[in-house]
Amino acid sequence: MSTQVQTAPPRKILRYRVAPRINHAVLATSFILLLITGLILLWSPVSFLAAGGRSGVLHRLGAVLFMLVPILYLIDDRRGAKELLWDSFHYDKDDVAWLKHILQYFMGRTANMPPQGRLNAGQKFHHASVVIVSAFIVVSGLVLWFAKGSLGADGLAMTATVHDISMLILTVLLVGHLYFTFVYKALPGMTTGYIPEEEARLEHSKWVDSLPDEAPYKVNE
Ligand code: HEM
């Protein structure tokens, strides 16, 4: 008598619904627009592109889009925003253990890393930093936009320094964010919403275990 081994078809896990994917697209587009037009306004080798004032207008458009992101979250994904904020600012003992192995993760190896929830400790650190640094960018940017004339030379220099350094910090964070997106082939999760269960278990086992077994959380490929 032959024994047949039944293997379940591979499953996919819902990581991002439509709303957070739209919000992320607006965030990413606005930030890149801000970065490019900000460099044109600031950096002399490319400042000739600022002639005509278009980059100033585009920079303000980028700023409006960037500030729209929290409002979008309030409208289309309030629960997701709450979860994202809560997760980003709360670290448990597995997160601390995970951070001790961060070099291994940096090299692209997740096997045997301490178990993680929906966000790993590195993502928590990234997202929390984005929230805090973005607040500095927005406040200093609004002051530069609407109250530049009343600042005085020192006030202007200080506000511009806060604005530029905050932008630099977010850019460094973005380089890391893109590096891990590339190393862990994470982009399809953001574009399609789903990631393979096997990968999800390797990187976020506590989160996968907490999800209900039915669709749309877990679907067959
Ligand atoms: C421009 C190109 C970008 C790409 C390709 C990209 C890619 C991604 C990917 C793949 C994820 C999902 C990671 C995962 O959970 O496995 C993600 C999430 C996230 N990214 Fe980006 N990102 C970009 C720009 C940015 C920028 C500029 C920011 C912030 C200024 C940002 C902030 C975030 C945040 C906060 C999340 C978590 C979203 C949530 O949990 O709802 N990203 N990104």
Side-chain angles (χ1 to χ4, degrees), residues 12-39 59 62-90 95 98 105-106 108 110 113 115-138 140-141 163-208 210-211 217:
K12 288 206 163 190
I13 305 278
L14 178 62
R15 186 144 176 87
Y16 293 107
R17 290 176 187 274
V18 175
R21 281 151 58 203
I22 292 174
N23 301 349
H24 181 267
V26 175
L27 178 64
T29 309
S30 64
F31 185 77
I32 287 170
L33 186 59
L34 284 173
L35 188 60
I36 294 171
T37 52
L39 275 178
H59 197 69
V64 171
L65 282 177
F66 192 74
M67 290 186 289
L68 201 66
V69 173
I71 299 169
L72 270 180
Y73 263 109
L74 278 180
I75 296 169
D76 66 10
D77 192 21
R78 203 175 285 217
R79 214 180 69 190
K82 260 193 197 160
E83 249 176 50
L84 182 58
L85 282 174
W86 173 267
D87 286 351
S88 302
F89 288 94
H90 288 85
D95 293 327
W98 188 94
Y105 185 75
F106 188 82
T110 33
M113 291 280 288
Q116 293 288 271
R118 190 180 77 83
L119 303 177
N120 66 43
Q123 290 171 321
K124 288 182 177 191
F125 175 78
H126 171 264
H127 302 347
S129 308
V130 166
V131 172
I132 294 168
V133 179
S134 296
F136 280 95
I137 291 178
V138 167
S140 56
H163 196 63
D164 298 348
I165 290 180
S166 306
M167 214 45 203
L168 181 67
I169 296 172
L170 268 201
T171 307
V172 172
L173 286 172
L174 177 62
V175 172
H177 188 56
L178 292 179
Y179 170 80
F180 289 117
T181 297
F182 174 74
V183 168
Y184 287 100
K185 302 182 180 72
L187 195 56
M190 201 30 106
T191 52
T192 68
Y194 284 89
I195 59 173
E197 180 172 10
E198 202 186 340
E199 274 172 33
R201 281 204 179 279
L202 208 57
E203 291 180 42
H204 306 278
S205 56
K206 288 199 290 189
W207 170 63
V208 178
S210 75
L211 291 173
Y217 298 99

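Every number for a ligand or one of its atoms is a count from 1 in the order of the listing. Numbering starts at 1 and runs along the sequence shown.
Distance alone, capped at 3.5 Å, is enough to place a donor-acceptor pair between the Arg15 side chain and the Arg118 backbone. Proximity of a side-chain donor or acceptor of His177 to a complementary backbone N or O of Leu173 within less than 3.5 Å is not detected. Using a distance-only test at 3.5 Å, with no hydrogens or angles considered, no donor-acceptor pair links the side chain of Lys124 to the main chain of Leu119. Side chain of Gln116 to main chain of Ala121: a donor-acceptor pair is present (N/O by atom type, distance under 3.5 Å, no hydrogens or angles). At least one donor-acceptor pair closer than 3.5 Å links the side chain of Ser140 to the backbone N or O of Ile137.
Counting heavy atoms from C-beta outward, Trp98 and Pro115 have side chains that stay 4.5 Å or more apart. Residues Asp95 and Phe125 are not in side-chain contact: their nearest non-hydrogen atoms beyond the backbone lie 4.5 Å or more apart. A 4.5 Å side-chain heavy-atom check between Phe136 and Ile169 finds every atom pair outside the cut-off. In this structure the side chain of Phe31 reaches within 4.5 angstrom of the side chain of Met167, judged on heavy atoms.
Taking atom 18 (C) of ligand 1 as the reference point, the nearest protein heavy-atom neighbour is Met190 CE, 3.5 Å. Scanning the protein for heavy atoms near atom 16 (O) of ligand 1, the closest one is Arg15 NE, 3.4 Å. The nearest heavy-atom contact from the protein to atom 26 (C) of ligand 1 is Leu174 CD1, 3.9 Å. Closest to atom 8 (C) of ligand 1, if we only count protein heavy atoms, is His177 NE2, 3.4 Å. Nearest non-hydrogen protein atom to atom 10 (C) of ligand 1 is Ala186 O, 3.4 Å. Of the protein's non-hydrogen atoms, His127 CE1, 3.4 Å is the one closest to atom 36 (C) of ligand 1. Protein heavy atom closest to atom 28 (C) of ligand 1, with residue, atom name and distance, is Leu27 CD2, 3.7 Å. From the protein, the heavy atom lying nearest to atom 1 (C) of ligand 1 is Ile32 CD1, 3.3 Å.
Looking at His24, Glu199, His126, Glu203, it is His24 that brings a heavy atom closest to atom 6 (C) of ligand 1. By heavy-atom distance, the residue among Phe31, Phe66, Tyr73, Phe180 lying nearest atom 27 (C) of ligand 1 is Phe31.
By the criterion of a heavy-atom distance under 4.0 Å, both the backbone and the side chain of Leu187 are placed next to ligand 1. At a 4.0 Å heavy-atom cut-off, ligand 1 touches Leu178 through the side chain alone. Neither the backbone nor the side chain of His204 has any atom closer than 4.0 Å to an atom of ligand 1 (non-hydrogen atoms only). The residue Ile195 has no part lying near ligand 1, judged by heavy-atom distances below 4.0 Å.
Screening residues 181-200 for side-chain hydrogen bond (donor to acceptor under 3.5 Å, both in side chains) gives Arg11-Glu197, Glu197-Arg201 as the qualifying pairs, with residues at least two apart or on separate chains.
Applying the 6.0 Å contact sphere to NZ of Lys206 captures more than 12 heavy atoms from other residues, nucleotides or ligands. Atom OH of Tyr179 is surrounded by more than 12 heavy atoms from other residues, nucleotides or ligands within 6.0 Å.
Taking 4.0 Å as the cut-off, Phe182 does not count as a neighbour of ligand 1 on heavy-atom distance. Remark: distances from the non-hydrogen atoms of Tyr16 to ligand 1 include one below 4.0 Å.
Taking every heavy atom of Ala28 and a limit of under 4.0 angstrom, the matching atoms of ligand 1 come to 1 (C), 24 (C). Atoms of ligand 1 lying under 4.0 Å from at least one heavy atom of Gln123, given by number and element, are 13 (C), 14 (C), 15 (O), 16 (O). Close contacts between ligand 1 and Arg118 involve ligand atoms 40 (O) [criterion: under 4.0 Å to a heavy atom].
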